[in-house]
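Basis for what follows: all heavy atoms, side chains included, without hydrogens, waters or symmetry-related copies. Numbered from 1 within each chain, the chains take letters A, B, ... in sequence-line order.
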Amino acid sequence: MPELPEVETTRRGLAPALIGRRVLALTVRERRLRWPIAADLEHQLRGRIVERVERRAKYLLLRFDSGTAIIHLGMSGSLRILAASAPPRPHDHWDLELDSGRCLRYHDPRRFGSLHFTAGDAEQHPLLARLAPEPLGPAFDAGYLFAATRRRSVAIKLLLMNSRVVVGVGNIYASEALFRAGVHPARPAGRITRAQAEALADAIKAVLAAAIQTGGTTLRDYVDPAGAPGYFRQELCVYERAGEPCRRCGARIKHAQQGQRSTYWCPACQRR
DNA sequence: ACTGGCTCCTGAGGGC
DNA sequence: TGCCCTCAGGAGCCAG
């Protein structure tokens, strides 16, 4: 999926086109996403005005006076702002038609994304209620991360991708943050030193912030709401660089499977 | 309570 | 050209 930087880039692109706009209609072409789109969603959203566009973890939150739409992009999802008359392409699963003559259009070939609406407190929605702190917020720091790693035997890279520990860090940025911090991805989380926890917390914040600055990483599907790719791919130090020279020391970047996901690291810069 | 493995789905790319 | 295999920005769910 889009990870935190891509979702945040999407949020920033959507906000000016959505805030204050009234929903004329929700048009669903394919209800079968990760969870089926609820049958009453068209009715829930029609006529409502978007008050705010927020992000929690990798979820986008469209705040209406009547409740909150909760959107996840899955692995291959993207959101565009288009003319309402633009003909839909394959995998364009739903449109939110706006009173501006434009629409918010959801595209997702793999259909791992989702769309929910809750009239209540969105923070208490089952998908959001048990999420860990935001990595760019004040609650996530070295002390928090160090404590979260204690007595955990799982590899540090998998721990970083656990949304009960920290949110928004996916397969790309976990590898990139570990490289920046000089920590081997397979190191058991409980063996991370205090100094490594500090380096890692700093690296996570730095790499996410830098990726947001360049509009995120486009590997295959991701585009921002204007249809533009992100440019952080050229800044990646290890991800999808197996066999290429480390940008820091020249050693060949290694690649292995961890928890059924690809991991990349520099064998010289990142010691076990 | 943790940990690992499986699962959903489509498309792209490589080998033969 | 076609077929079969592997691999993709996620994360909920389940058994052990």
| task | Output yes when a side-chain donor or acceptor of H93(A) lies under 3.5 Å from a complementary backbone atom of R111(A), and no otherwise. | result | no

| Lys/Arg N to Asp/Glu carboxylate O, R56(A) vs E134(A), below 4.0 Å | yes

| query | Is any side-chain heavy atom of Y59(A) closer than 4.5 Å to a side-chain heavy atom of L127(A)? | reply | yes

| Between dC13(C) and dC9(B) - P atom distance, rounded Å | 16 Å

| said: Just N and O in the side chain of H72(A): are any of them under 4.0 Å from OP1 or OP2 of dG10(C)? | reply: no

| message | Using a 3.5 Å limit for the pairing distances, which stems of at least 3 consecutive Watson-Crick or G-U wobble pairs does DNA chain C take part in? | response | B:2-8 with C:10-16, B:10-16 with C:2-8

| Could you state the OH-C1' distance from Y173(A) to dG10(C), rounded to the nearest angstrom? | 15 Å

| note | Note: chain A reaches DNA chain B at heavy-atom distances under 4.0 Å over the stretch, first to last nt, 5' to 3', of dC2(B) to dG11(B)

| task | Measure the distance from CE on M75(A) to P on dA11(C) and round it to the nearest whole Å. | result | 10 Å

| Same-atom distance (P) from dT6(C) to dC6(B), integer angstrom | 14 Å

| task | Return the value, rounded to whole Å, for the distance between atom CZ of R233(A) and atom P of dA8(C). | result | 12 Å

| query | Given the rule in the side-chain contact (heavy atoms from CB on, under 4.5 Å) test, do L178(A) and I156(A) qualify, once you have shown the distances and angles that lead to the verdict? | reply | CA-CA 9 Å; L178(A) 285 160; I156(A) 184 64; 3.8 Å; yes

| task | Indicate, with a heavy-atom threshold strictly under 4.0 Å, whether R32(A) touches base, sugar-phosphate, or nothing. | result | nothing

| Interatomic distance, R261(A) CZ vs dA11(C) C1' [rounded to whole Å] | 9 Å

| query | Salt bridge check: are E54(A) and R11(A) linked by an N-O gap of less than 4.0 Å? | reply | no

| task | Side-chain contact test, heavy atoms from C-beta onward, threshold under 4.5 Å: evaluate it for Y264(A) versus P185(A) and give yes or no. | result | no

| message | Under the rule for salt bridge (Lys or Arg N to Asp or Glu O under 4.0 Å), what residues qualify as partners of E198(A), not counting sequence neighbours? | response | R194(A)

| Using the ring of each side chain (for Trp, its six-membered ring), is Y106(A) parallel, tilted or perpendicular to W94(A), with breaks at 30° and 60°? | parallel

| request: Whole angstrom is fine here: how far is it from CD1 in I71(A) over to P in dG10(C)? | output: 18 Å

| remark: note: E240(A), atom CD; dT6(C), atom C1'; distance rounded to Å ~ 14 Å

| field | DNA chain C-proximal residues of residues 105-133 of chain A, any heavy atom under 4.0 Å | value | R110(A), F112(A)

| note | Ordered by number, residues from residues 213-228 of chain A within less than 4.0 Å of DNA chain C (heavy atoms) are T217(A), L219(A), R220(A), D221(A), Y222(A)

| query | Got a donor-acceptor contact below 3.5 angstrom from the Y144(A) side chain to the V165(A) backbone? | reply | yes

| query | Roughly, in whole Å, what's the span from CD in Q258(A) to P in dC7(C)? | reply | 15 Å

| Would you say D95(A) and L82(A) make side-chain contact, with heavy atoms under 4.5 Å? | no

| query | Atom CD of E3(A) and atom C1' of dA8(C): how far apart are they, to the nearest Å? | reply | 12 Å

| query | How is G170(A) classified with respect to the nucleic acid when contacts are heavy atoms under 4.0 Å: base, sugar-phosphate, or nothing? | reply | sugar-phosphate

| request: Could you go through the salt bridge (Lys or Arg N to Asp or Glu O under 4.0 Å) check for R48(A) and D65(A) one step at a time? | output: CA-CA 7 Å; R48(A) 297 299 174 180; D65(A) 58 350; 3.6 Å; yes

| request: Flag yes if I49(A) and L26(A) sit in one hydrophobic cluster, no otherwise; membership is Ile, Leu, Val, Met, Phe, Trp, Tyr, and two members link when side-chain heavy atoms are under 4.5 Å apart. | output: no

| field | Residues which pass side chain to side chain contact (heavy atoms under 4.5 Å, CB included) with L236(A), listed by chain and number, not counting sequence neighbours | value | I172(A), E176(A), T217(A), F232(A), R233(A), Y239(A)

| message | Taking E97(A) first and then R102(A), would you say they form a salt bridge - that is, a charged N and a carboxylate O separated by under 4.0 Å? | response | no

